[in-house]
2 protein chains.
Amino acid sequence: MNYDVLKLENQLCFPLYACSKEIIRRYKPFLDDIDLTYTQYIAMMILWEEEQATVKELGTRLYLDSGTLTPVLKKLESKGYIERKRSDTDERNLIVSVTDEGKKLRERAVCIPEKMAGCVNLEKEEAEQLYRILYKMLGCME
Amino acid sequence: MNYDVLKLENQLCFPLYACSKEIIRRYKPFLDDIDLTYTQYIAMMILWEEEQATVKELGTRLYLDSGTLTPVLKKLESKGYIERKRSDTDERNLIVSVTDEGKKLRERAVCIPEKMAGCVNLEKEEAEQLYRILYKMLGCME
DNA sequence: CGCAATTAAATTGTGTACAATGTAATTGTA
DNA sequence: TACAATTACATTGTACACAATTTAATTGCG
């Protein structure tokens with residue numbers, strides 16, 4: 001039997017998985033400076049943009065479930081960057097909102113994307129292709 | 001100040017991270033059939049190809065360190081798919097090799113890549129572009 | 001040779017991920 | 001309007017992932 005399909009270099013998933021991890025590892029020094037992990041960072045990115053969101057909304061945007069988000073959000077709360085309170089109109093919903101401290105953090109985070117861009121040595125066109133293809137894949141996997 | 005750079009949709013890392021996770025989640029039903037996790041699966045892929053490898057070599061190929069690999073390999077050993085023994089010539093090296101049971105598993109795994117290909121709705125050309133760009137990125141990050 | 005430096009794995013500690021399950025609030029319908 | 005179904009979040013259990021440290025073996029240099 002021909003087992004070539006089982007070779008790592010014939011898989012599309014593997015370089016995706018490895019790339020994702022390696023890039024996140026490169027974020028670490030920059031994120032350490034502002035005392036966030038990558039998961040905490042992407043959660044804050046939504047909240048900086050929206051001011052507030054439910055756990056459900058965060059999960060949909062970030063492709064994460066409450067099992068992952070609950071401890072992440074509790075951690076962000078303990079650091080003082082967010083507040084967690086139940087909705088008055090529907091107590092099932094937990095509303096997460098940015099504190100003043102969390103807004104200040106945004107100032108210190110704004111330099112990170114530029115620093116990271118320097119780590120990814122892609123041509124502008126390649127980056128655009130990659131971006132388009134990845135979002136196409138994500139779109140197919142809803 | 002303009003905070004657009006901090007928007008999730010302006011990041012390249014995020015769709016990479018989300019795509020990687022979503023695809024691996026789609027592997028799960030197929031991998032469940034052969035009682036492997038994704039990490040165990042990619043470790044077995046190297047070993048099916050090479051017959052044997054050290055933890056160091058596996059780590060280099062898979063972008064994983066011993067802190068991740070040691071428990072994964074112990075698990076594969078407990079399932080009977082691999083053997084772990086120290087090298088005779090250099091006892092620092094741990095040599096991981098496939099058992100007969102592990103080789104049999106290969107037969108059952110060989111259908112998985114095809115099943116997964118059906119889950120990724122990309123044109124052939126897009127898949128090739130994606131592949132090329134991802135390996136370029138990985139190459140830059142050595 | 002002798003011993004400091006290096007190397008390979010294992011261990012420890014923290015933080016995700018996610019499936020499965022539990023709990024409480026809300027909705028829809030007979 | 002009861003109450004079954006649904007929904008949102010939390011909890012539990014398993015499995016990574018990685019930085020930092022530890023341990024043991026090997027290498028290289030004076």
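Labels below follow one simple rule: chain letters A, B, ... track the order of the sequence lines, proteins then strands, and each chain is numbered from 1.
For B:T68, the side-chain atoms get nearest to D:dA17 when compared with the rest of D:dT11, D:dA17, C:dA17. Of the candidates D:dT7, C:dA9, D:dT26, D:dT7 carries the atom nearest the A:R92 side chain, counting heavy atoms from C-beta on. Among the nucleotides D:dT26, C:dT16, D:dT7, the one closest to any side-chain atom of A:Q40 is C:dT16.
With ring centers used as reference points, A:Y17 lies 6.0 Å or more from B:Y63.
If A:K75 and A:D90 are placed on DNA chain C by their nearest nucleotide, the residue sitting closer to the 5' end is A:K75. Position along DNA chain D of the nearest nucleotide to A:K56 versus B:Y63 favours A:K56 as the more 5'-ward residue.
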### Message
Set out, in order, the CA-CA distance, both residues' side-chain angles and the distance that settles salt bridge (charged side-chain N to carboxylate O under 4.0 Å, His left out) for B:K104 and B:E107, then state yes or no.
### Response
CA-CA 6 Å; B:K104 275 190 223 161; B:E107 307 290 331; over 6 Å; no
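Residue contacts for A:T39: at a heavy-atom cut-off of 4.0 Å it reaches the sugar-phosphate backbone alone, with no base atom in range. Residue-level contact check: A:L64 touches the backbone only, with heavy atoms under 4.0 Å from sugar-phosphate atoms and none from bases. Looking at heavy-atom distances under 4.0 Å, B:T37 makes contact with sugar-phosphate atoms alone, never a base. No engagement by B:S87 is indicated, since no non-hydrogen atom pair under 4.0 Å with the nucleic acid exists. Nucleic acid contact class of B:T89 (heavy atoms, under 4.0 Å, all strands): sugar-phosphate only. Within the nucleic acid shown, B:D65 comes within 4.0 Å of at least one base atom, counting heavy atoms only. Residue-level contact check: B:N93 touches the backbone only, with heavy atoms under 4.0 Å from sugar-phosphate atoms and none from bases. Heavy atoms of B:S66 sit under 4.0 angstrom from at least one base atom.
Between A:K74 and D:dT11 there is a side-chain polar atom (N or O) within less than 4.0 angstrom of OP1 or OP2. Between B:K21 and C:dA17 there is no side-chain polar atom (N or O) within less than 4.0 angstrom of OP1 or OP2. Phosphate proximity of D:dA17 to A:Y17: present, with a side-chain N or O under 4.0 Å from OP1 or OP2. Distances shown here put a side-chain N or O of A:R84 below 4.0 Å from the OP1 or OP2 atom of D:dA10.
Between the CG atom of A:L69 and the P atom of C:dT16 there is a distance of 10 Å, given to the nearest Å. Distance, B:E57 CD to C:dA8 C1': 12 Å, rounded to whole Å. Between A:L31 atom CG and C:dG15 atom P there is a gap of 14 Å when expressed in whole angstrom units. Regarding A:I95, its CD1 atom lies at a distance of 13 Å from the P atom of D:dA8, rounded to whole Å. Atom pair B:I42:CD1 and D:dA15:P shows a separation of 16 Å (rounding to whole Å applied).
When all heavy atoms of B:N121 and B:G118 are compared, the pair lying nearest together is OD1-O, 3.9 Å.
Contact of the B:Q52 side chain with the B:V96 side chain is not registered, since no non-hydrogen atoms from C-beta on lie closer than 4.5 Å.
Below 30°, between 30° and 60°, or above 60°: for B:Y41 and B:W48 the angle between ring planes is above 60°, a perpendicular geometry.
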